Q: 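Attaching a single structure in structure tokens format; questions to follow.
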Amino acid sequence: MGFVVSRAVGNSVVRNRVERRLRHILADRRKVLPAGSLLVVRANPRSAKASFHDLAADVDRVLHRLMRSGEVAEGAPTETKPSETGAGR
């Protein structure tokens with residue numbers, strides 16, 4: 001699992017907070033991915049102002065959409081992009 005949190009998100013304190021939140025959110029959700037899946041999560045700038053709950057809801061929405069559409073293949077790289085708000089709204 002990898003995270004991309006660019007400088008556009010904010011200063012280092014903000015970027016690290018966003019990454020810690022995303023890492024915590026995805027810790028429990030890794031179970032839904034097929035074994036051997038690779039996941040890259042890219043944070044949009046608006047994720048810096050999103051609440052933890054909103055980030056979690058956005059991650060859940062994206063993972064659900066990926067799993068439903070069959071875009072996740074075992075061992076295939078997967079990139080999830082938070083929505084325009086960075087929080088699913």
Side-chain angles (χ1 to χ4, degrees):
M1 182 174 350
F3 297 92
V4 178
V5 185
S6 72
R7 288 185 182 174
V9 173
N11 63 27
S12 63
V13 173
V14 173
R15 292 192 311 266
N16 287 328
R17 185 182 70 227
V18 168
E19 185 175 344
R20 282 192 313 270
R21 286 179 169 184
L22 289 170
R23 189 180 317 277
H24 183 77
I25 290 166
L26 286 162
D28 293 333
R29 290 159 176 87
R30 288 182 79 165
K31 298 175 218 166
V32 301
L33 297 173
S37 293
L38 302 175
L39 181 69
V40 175
V41 179
R42 180 174 178 227
N44 287 339
R46 296 174 85 180
S47 63
K49 296 186 186 215
S51 71
F52 183 87
H53 175 72
D54 288 341
L55 283 174
D58 196 35
V59 168
D60 288 340
R61 181 186 56 77
V62 171
L63 287 176
H64 178 72
R65 185 177 68 199
L66 285 172
M67 298 304 291
R68 184 185 58 206
S69 68
E71 292 180 35
V72 177
E74 190 167 334
T78 302
E79 181 176 352
T80 61
K81 294 182 183 180
S83 69
E84 304 233 349
T85 64
R89 295 184 173 75

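Throughout, numbering of the chain's residues begins at 1 and tracks the sequence. Computed from a prediction, not measured in an experiment: that's the story for all the values here. Heavy-atom basis, side chains included; hydrogens, waters and symmetry copies ignored.
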Q: Which atom names give the shortest non-hydrogen contact between A8 and P45, and what distance separates them?
A: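 It is O-CB, 3.5 Å.
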Q: If you round to the nearest 0.5 Å, how far is CG of L63 from CG of L39?
A: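 Rounded to the nearest 0.5 Å, the CG-CG separation comes to 6.5 Å.
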Q: Indicate yes or no for a side-chain donor-acceptor contact from R29 to the backbone of D60 under 3.5 Å, with no hydrogens or angles considered.
A: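 Judged by distance alone, no pair lies under 3.5 Å.
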Q: Does this structure show an ion pair linking R23 with E19, if we count only N-O contacts that are shorter than 4.0 Å?
A: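 Looking at R23 and E19, the cut-off is met.
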Q: Rounded to the nearest 0.5 Å, what separates atom CG in L55 from atom CD1 in I25?
A: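 These two atoms lie 5.0 Å from each other.
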Q: Are V5 and V14 side-chain neighbours, meaning at least one heavy-atom pair lies under 4.5 Å?
A: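 V5 vs V14: side chains apart.
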Q: Rounded to the nearest 0.5 Å, what separates atom OG in S47 from atom CZ in R17?
A: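 Between atom OG of S47 and atom CZ of R17 there are 9.0 Å.
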Q: Could you pull out all residues at least two apart from R30 that satisfy salt bridge (charged side-chain N to carboxylate O under 4.0 Å, His left out)?
A: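 For R30 there are no salt bridge (charged side-chain N to carboxylate O under 4.0 Å, His left out) partners, ignoring immediate neighbours.
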Q: State the CE-CG distance between M1 and L22, to the nearest 0.5 angstrom.
A: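 Nearest 0.5 Å value for the CE-CG distance: 10.0 Å.
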Q: Which heavy atom of M67 sits nearest to which heavy atom of P34, and what is that distance?
A: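 Reported closest heavy-atom pair: CE-CD, 4.1 Å.
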Q: Indicate yes or no for a side-chain donor-acceptor contact from N44 to the backbone of R46 under 3.5 Å, with no hydrogens or angles considered.
A: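 No, N44 side chain to R46 backbone: no donor-acceptor pair under 3.5 Å.
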Q: Are the side chains of V62 and L66 in contact, using a 4.5 Å heavy-atom criterion?
A: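 In contact.
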